[in-house]
Amino acid sequence: MPDKLEDFRTEIAEWIAANLPEELRGQPRNEDTICWGGRKWQFRSQAQKDWLERCHARGLTCPRWPVEYGGGGMSRDEEKILRDEMNRAGAPSPLESFGIWMLGPALLKFGTDAQKAEHLPEITAGRIRWCQGYSEPGAGSDLANVQTRAEDMGDHWLVNGQKIWTSYADKADKIFALVRTDREAPKHLGISFMLIDMETPGVTTRPIRLISGASPFCETFFDNVKVPKEGAIVGEMNRGWDVAKYLLTHEREMIGGGGGGLIAGTTLSEAIGDMDMVAGADPVIRAQAMELEVDTLAFGLTMERYKDIAESGAGVGHASAMLKYYGTELNKRRQEIVMSARGSDALDWSEGLAAPWLRSKANSIEGGTSEVMLDIISKRVLELPSK
Amino acid sequence: MPDKLEDFRTEIAEWIAANLPEELRGQPRNEDTICWGGRKWQFRSQAQKDWLERCHARGLTCPRWPVEYGGGGMSRDEEKILRDEMNRAGAPSPLESFGIWMLGPALLKFGTDAQKAEHLPEITAGRIRWCQGYSEPGAGSDLANVQTRAEDMGDHWLVNGQKIWTSYADKADKIFALVRTDREAPKHLGISFMLIDMETPGVTTRPIRLISGASPFCETFFDNVKVPKEGAIVGEMNRGWDVAKYLLTHEREMIGGGGGGLIAGTTLSEAIGDMDMVAGADPVIRAQAMELEVDTLAFGLTMERYKDIAESGAGVGHASAMLKYYGTELNKRRQEIVMSARGSDALDWSEGLAAPWLRSKANSIEGGTSEVMLDIISKRVLELPSK
Amino acid sequence: MERLVDTEDEVMLRDAARGFLDENAPVSAFRANRDAGRAFDPGLWREMAQMGWAGVLIGEEHGGADMGHRAAGILAEEMGRTLAASPFLSSAVIAASALRAAGSERLSQIAEGAALYALAVDEGPKHAPDLTAMEARPEGNGFRLSGRKVFVADGASADRVLVLARSGEGDEGLTLFDIEADRAGLARGAADSIDARDFATLEFEDVEATGDDVVGEVGGGLAALAPGLRAGQAALAAELSGLTAGISAITLGYLKERTQFDRAIGSFQALQHRAAHLFAEIEVTTSAVAHAGRVLDQAPEDAQLAVSVAKARATQTAKLAVMEGVQMHGGIGMTDDYDAGFFMKRARVGAEWLGDYGHHAAIVAAMRGL
Amino acid sequence: MERLVDTEDEVMLRDAARGFLDENAPVSAFRANRDAGRAFDPGLWREMAQMGWAGVLIGEEHGGADMGHRAAGILAEEMGRTLAASPFLSSAVIAASALRAAGSERLSQIAEGAALYALAVDEGPKHAPDLTAMEARPEGNGFRLSGRKVFVADGASADRVLVLARSGEGDEGLTLFDIEADRAGLARGAADSIDARDFATLEFEDVEATGDDVVGEVGGGLAALAPGLRAGQAALAAELSGLTAGISAITLGYLKERTQFDRAIGSFQALQHRAAHLFAEIEVTTSAVAHAGRVLDQAPEDAQLAVSVAKARATQTAKLAVMEGVQMHGGIGMTDDYDAGFFMKRARVGAEWLGDYGHHAAIVAAMRGL
């Protein structure tokens, strides 16, 4: 068994060496280098396009998805080796997308064969870019408070309403959204998980400018949008909350677990620079950095341990809320410490430190606030009483 | 006016110089040196007895109480000068007591002339030692949950029940206690503030050993205790909660404000010793100590400011909960840092550091927990909604 | 010692300032400046000067109002509350205090609001005047200044610059100069500061300075600068204290209005306790800030401990307030359309300017024997 | 690398240990020891030895069970959960690991539980082996040891002592000796330790030591001690992790049972969020502790980073857990009749022993380039 894995390692290393375009090697990971794919995608370079196509052909955009949908059909150990070797080679991720992170896992668990066959190959190939439509204005953490409604018009759904915080909605081809399909049912019921093409007439988007200056999120409006019924709903009708909950848990593990680039690629030492220079004799920054480093290493081990638990079949369950909580708060601490350590240098937008610092403040809000995570832990994991 | 105060300062300084027994000068303040007074009191020395008597004769045991009750009739400015000069001379407090801190203020606000005339002179002279009977087993922070009951038997009250956390009840002469005088009334009503002699048949006490090894608190049992009606109740019948609330606020200001010896007489630097020796190159202890020192100085100024506000007549009100909260949490931090800075030396009981460290953990429980203080601030001061 | 509560005069000053700023410099005015790429509104500054704010620390003999440091702190607090941008700290507080101690004749120009000053002291990412490396090379009867100053507040818009440079070895080898900002060899580059205020980098290349330009004594630069730095640190602490009050008021309002899960979010006890803790921190910081102003007015030479306690506390409390502010608002607090982010960015700049938390905590520790 | 979850063997070991300790060494047994002035129960230790715990890190050739460091950590965790007192860390972990590396013949006595060892390394209030001053003066073929060791765990009850002394200059000038505790010139004084365990001060006055008493090489004391220290630090981290689990379980139980203001106190959201935060800290620490055991088993020479992360985390998390534990209990948690105080006191001792938070965080920082 280990031998087989070692063979796999050799094979992957050789494949990367043979296929990775030299100019992509060791690129910094940022919005200028990430490949998101989709109909509107403009490749940053021929090399980026080549790398995506080669990886897709080898099943490396979605290593653990079934081969029939363009995945790699790998085991967890193989995926880990792949990740190691990619890192070792300084290879960029060939493709990032909400289709890979969110919709794919939902379809693999809840989708019909037809839905899987229709959507998964488009995701693995990077041909369709998805966005997520959960939050609504005024709902905030109360995700089940869905007001966007879909009326049954016989052959189609008529969708009206508004979503907010839809990441990159202005760049996406399609959206998976929570819509209310039964207005009589109690709050958590009567919601369905619906797939909608963003090019359908009546769908418009407006970017939201953030305090960091960037606009990764949008408001998305649905104005008498007609959605053909065929394959529109994932999972059971009116049980979209189940799909959403599953994905929220998945998202928590991903965000807490360093997905989406939360865990910085650089070490704290690299981010801070010469500690003696910046902190001098100041024990405050020094102590904060030491504590952060201890906690960061231990949190990294915790992500490993939780993966081990998940792998063992025991299931992590609601405790995944802990990863989301701790990982995001840790990143906020890190950004504060880096800002502080870099002093007045960091206060100029052009240094590129302030934007990620400000962006990090959203980590503990998006995908379920820290407060919601603590509620989940106390109620579901610790089983503390509600009265 | 300032001239008059300067005259007062000179006068007090001379008085202290003439009256303070030399052997008391610069004594450390601890349970072996404090004078509590009372019927059972054994003076530690002739000097302690002389000092109490001389101070009492000059009105210095209760500087701001009316002269007719043995107080000093001083203004706040004069009291401050007195305190300064006492500190400068290294003079110990002549008398500490719950009578001075708690019952006296209650009687001055709620007592009848007869009650004042009966009790205040005994307090200022240190002849009667009082203890406080509020808490009951199982009630905890829910102070209004008073189960100890006093039945009206015509010429006397018949008291039955149990109090807990009565400080020094085993050494006290009398107790001021919350008792239920109307069992039909809602929780906060039907409670009276009653004065009971501890020598009355049926009153027994049992010390509670704490984690620090000391036993400053007792359980106090009332078993068919007959309390003569005359002068037994302070304030209105069944409105003892008003008196208790007033005293709780007073206690908070006192505990938060360094009364009862909470604010240590030594500076952090003295308590830690040679920082280079203990912390070496360790920025963690060093940073914690620096932060504590900043916060301690600022908190000291806050006590001054709150006194200024109170003096200005504006009234501090519920914000006094802030002093209680912050002061006690600050002392807990201080004790943790001193323990940590003193390392393994501090782990031996005989070093005398562990007992105050453990004792400090009760600071944020007694006199209203930190949680209750935060509730008061959020509801009464910030007026955050309850629904 | 004056009490730590506002006197009647101070209450009147605060009320007047608040009324003026709410009317003329609300946060929306800051936003308009930001959107227009303008660090501050010169018209607003003229009005402030007319009210005597530019001369708050300048003697009446130079046309100042001479109200003292606590009064300056009250003005700074109120400006912080609405993020009112002006050269108040650089000119009316820092430069005025340093030049007053040196008996400069330029005070009347500051009091009129006519001369805008900037202080050029930092050379690296952290405030460390004693480590100044910028060269002041003796030449003839004067000096030639060469080197680079960073993080110069109001540096791009200033008419004159106070600059600290090294004329010799050690702490006694620093000299403070007062020169016009357009002197030959001095190049200024505006930074793209996250708080949308004017911070600049100044490059000195063989800039001529005469003996007349020296503030205080040659070699006595640190001493000459000290009154300005202390006053600036105290007023900046006050501004941060006001900023904290501003964001906290917005946050408390939101906690009371915003409903989620069918109840006001301010009714959730976990948020209540955090808001209450923040209140406690604010109260403690408020005391330290008021005290620093009092000590500067009454015993300025002994004020460093009080000033450093105030700046350290104000820095930490502002950080807590803006972090809680954004988090308690949730998504909307992250949007540029909402004001919370402005408070967060200014708090970060204020944390670094004139010495960060560790800088001032170290001063406190040293003075307290730790 | 083994996964960070317990293997089947480890689950069995943990269940067996927990069953045994719940039966034979509950917290009430610790209380009985404390009340009797007894640091541990020798009968209990004999039983532990019979189960192979004394030889958990000793090779089978010396009669050990050779289960490895993760297994030792699991035993320590379970002991921490009920505050079970024994010479496990001193003898079975620290001494066994150091002597095993040196190929000592005394391992079989440890494995039997017959020889009790103590490690005498600290001389001041903080753990700093490299600053060892105690003199090892060469005399004839051996040495004379003179000086004072403090905070020696199990020092009063030990049969033998591992003692680090200075035979020369610098880090290469330290030598580790293994001597019997009743050797002439060695005086032991039991401390009155707050955790009611055996900590002693050892006074060496011209104590004779021969070449046979040297563990490892003369001048190689730090290297000889390293395996023992690392193993002890990891196992102590595990004990603290178990202690944390113990007090947290008590506290959670109390939150569910105790009512106040007519509701369970565990229903108050402010307490819920603090309990949830503590849970998160515990989970993160648990991972670090498991990892340290794994690395010690698989790459002991590279284990210091993992061990220091574990000890630092375990120290901080235990402190948080005991403080929250006492506070959430309110008054009853302050009473000696209740168990919470025992956890608090042991956590404090565990925080200092074998290097405090700052000691280990500094190691981590240095190894990570900070």
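Quantities reported herein were computed from a predicted structural model and do not represent experimental measurements. Note that these values count all heavy atoms, side chains included, but never hydrogens, waters or copies made by symmetry. The chains referred to below are lettered A, B, ... by the order of the sequence lines, with proteins before strands, and numbering in each begins at 1.
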Counting C-beta onward and ignoring hydrogens, is there a side-chain heavy-atom pair between Arg305(B) and Leu301(B) closer than 4.5 Å? no
Is Glu336(B) salt-bridged to Lys361(B), going by a charged N under 4.0 Å from an acidic O? yes
May I ask you to check whether over 12 heavy atoms, not counting those of Arg180(A), lie within 6.0 Å of atom CZ? yes
Proximal to chain A - members of residues 286-295 of chain B, heavy-atom separation under 4.5 Å: Arg286(B), Ala287(B), Met290(B), Glu291(B)
Dump the intermediate steps for side chain to side chain contact (heavy atoms under 4.5 Å, CB included) on Ile191(B) and Arg239(B), then the final yes or no. CA-CA 6 Å; Ile191(B) 297 171; Arg239(B) 299 304 299 262; over 6 Å; no
Apply side chain to side chain contact (heavy atoms under 4.5 Å, CB included) to residues Val179(A) and Thr148(A) and explain how you reach the verdict. CA-CA 5 Å; Val179(A) 297; Thr148(A) 298; 3.9 Å; yes
For the residue pair Tyr134(B) and Phe193(B), categorise the inter-ring angle as parallel (less than 30°), tilted (30 to 60°) or perpendicular (more than 60°). perpendicular
